[in-house]
Enquirer: 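Here's a structure for you.
Order of the sequence lines sets the chain letters (A, B, ...), proteins ahead of strands, with each chain counted from 1.
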Number of protein chains: 2
Amino acid sequence: MGDNIIYHTIAEQIIDSILNKEFKTKLPTEAQLMELYGVSRNTIRRAIDVVFQRGLLKRVQGSGYFINDISREGKLVVNLSMGAGNPIRVKDSKLESKILSFDLITADKQLSKESKIPLGTKLYKIVRLRYLQGDLYCLETAYYVKSVVPYIPKEVGQRSIFNFVKETYDINVTNSENYMSVTSLDRQQAKHLNKSIGSQELTLTQYNYCKNNVLFNYSYSMYVYPNINFYFNSTRSTES
Amino acid sequence: MGDNIIYHTIAEQIIDSILNKEFKTKLPTEAQLMELYGVSRNTIRRAIDVVFQRGLLKRVQGSGYFINDISREGKLVVNLSMGAGNPIRVKDSKLESKILSFDLITADKQLSKESKIPLGTKLYKIVRLRYLQGDLYCLETAYYVKSVVPYIPKEVGQRSIFNFVKETYDINVTNSENYMSVTSLDRQQAKHLNKSIGSQELTLTQYNYCKNNVLFNYSYSMYVYPNINFYFNSTRSTES
DNA sequence: ATTGATTTGTTCGTATGTATC
DNA sequence: GGATACATACGAACAAATCAA
């Protein structure tokens, strides 16, 4: 089940400490963290790298690691660097779903072209409306590769499919490719979202890979939650 | 000027090799790269990490590093993991600008609240329309912190301000915070972009930091280029 | 189907450089 | 200037996944 890779588990513990406000403005120093977790400096730095890549830290040489505040005045911020399955990592945030369709399909030419999933691949196709704290959040169309995820019971569609896949098949997301765009609603989409036809909505298209870059999920979601913001962090060294 | 940090320069060379199609589907093995650049395995792996974080690779244990194709059928893909200053890293892509306003201002309460830039900070405020290959690309409103970037000549607004800042003050972007959202155009914005008032447009808000996390740029840009997609890559270890 | 070689992943140790306080 | 704290780079060993014989 779990993960016995040290730096991963330390990273998760540091993240939890940040979210639980045990670490408030600054992380302990590397030396203190080495002491705390009983590992080498390299391992601590690997763990901190992970936390940093989640967009939770600023690092200042000679000074320390400072905890990032990514909130925006009056806006819902979804941290995409944090994980697609549960991007909103707040204790009391409740995400509910209403299934609109649930099918086992075979990738046709159209889908294959738009998604690059090989023609003929067997997929679960699940369309659902999602609600955050009772408010309409997004319209999601998700495909799961059957050869990786052999079976999804329909009831699971009402809660987190990622959690089900994790608990049942021990499949974790290790890598995601994300595309943000705006798309126009067609008649049916508009109806489901209580919007007018042609309305431009923020759309996130995702490819989720599990261990060793095996694709297990492809999805696109149209977000209608008011003032929603997708956050992510990027780093660069130098440019050519 | 330049950067004598080995793994950064190796990373840049690998990226160039990928973009120039010298490496086509796969990177050489770590052992070969160690040989090629005459450095230790750790350093090669650090360099590869950088390339990976740019969203250019898939890594498969026991097999190798595979080059990612992030293109999408009939769509312009901007790789945000790659660098905000020049996200479109193609030789013949030409980005031109038309300055709408250019001012030296002081952060007021409103700006300070929305951007978290301290009240009273002296800033260059530059509003411009940007054109990609002659086609309207975005409406950008950018603020540069004067204490970090002492002077920007107005003419520079027509080309890359990031390049100017880099060449003149040796300031590089090392970290960016990005927020994607949709915003409604006000009357003036609509006029500049040839859209109707209230039209919903894809908006990227960015905070760009230079060495040791000093903020030097804050901006928001509304993108109207048809079918534009913003790509970025995210990785996870395990989830709680 | 097993083995063995190849290739990437994790973890340790150590030394030195550089920015901040 | 000195102490603290993060950054870079080397070397080494073993683990785990893949691939080919």
Enquirer: What's the shortest heavy-atom distance between A:S112 and A:L119, and which atoms?
Expert: OG-N, 3.5 Å
Enquirer: Which one of B:T9, B:I5, B:I10 satisfies the side chain to side chain contact (heavy atoms under 4.5 Å, CB included) criterion with B:Y7?
Expert: B:I5
Enquirer: Regarding A:D103 and A:K154, does a basic nitrogen lie under 4.0 Å from an acidic carboxylate oxygen?
Expert: no
Enquirer: Just how far, in rounded Å, is C1' of D:dT8 from CG of B:D49?
Expert: 14 Å
Enquirer: Measure the distance from CE on B:M34 to C1' on C:dT8 and round it to the nearest whole Å.
Expert: 13 Å
Enquirer: With the side chain of B:Y65 defined as its heavy atoms from C-beta on, choose the nearest nucleotide among D:dT8, C:dT8, C:dT10.
Expert: C:dT8
Enquirer: What contact category does B:R45 fall into here, base, sugar-phosphate, or nothing, at under 4.0 angstrom with non-hydrogen atoms?
Expert: base
Enquirer: Ignoring backbone atoms, test whether B:R46 places a side-chain nitrogen or oxygen under 4.0 Å from the OP1 or OP2 oxygen of D:dT8.
Expert: yes
Enquirer: Please figure out whether B:P28 or A:I5 has its closest DNA chain C nucleotide nearer the 5' end.
Expert: B:P28
Enquirer: Please confirm whether B:Y169 and B:Y151 have ring centers closer than 6.0 angstrom.
Expert: no
Enquirer: Determine, for B:K58 against A:E177, whether the closest basic-nitrogen to carboxylate-oxygen distance falls under 4.0 angstrom.
Expert: yes
Enquirer: Tell me which nucleotide among C:dT11, D:dA9, D:dA7 gets nearest to the side chain of B:Y7.
Expert: D:dA9
Enquirer: Tell me the interatomic distance from B:K26, atom NZ, to C:dT8, atom C1', rounded to whole angstroms.
Expert: 10 Å
Enquirer: Determine, using ring centers only, whether A:F230 and A:Y223 are less than 6.0 Å apart.
Expert: yes
Enquirer: OP1 or OP2 of C:dT10 versus the side-chain N and O atoms of A:T43: is any pair under 4.0 Å?
Expert: no
Enquirer: Select from A:I6 and B:L27 the residue whose nearest nucleotide in DNA chain C is closer to the 5' end of that strand.
Expert: B:L27
Enquirer: Whole-Å distance between C:dT7 C1' and B:E35 CD?
Expert: 16 Å
Enquirer: Tell me, for nucleotides 11-21 of chain D in 5' to 3' order, what letter each nucleotide earns: B for a base near a protein heavy atom under 4.0 Å, S for only sugar-phosphate near one, - for neither?
Expert: B-B--BBBS--
Enquirer: Using the benzene-type ring in the case of Trp, are the ring centres of B:Y207 and B:F216 under 6.0 Å apart?
Expert: no
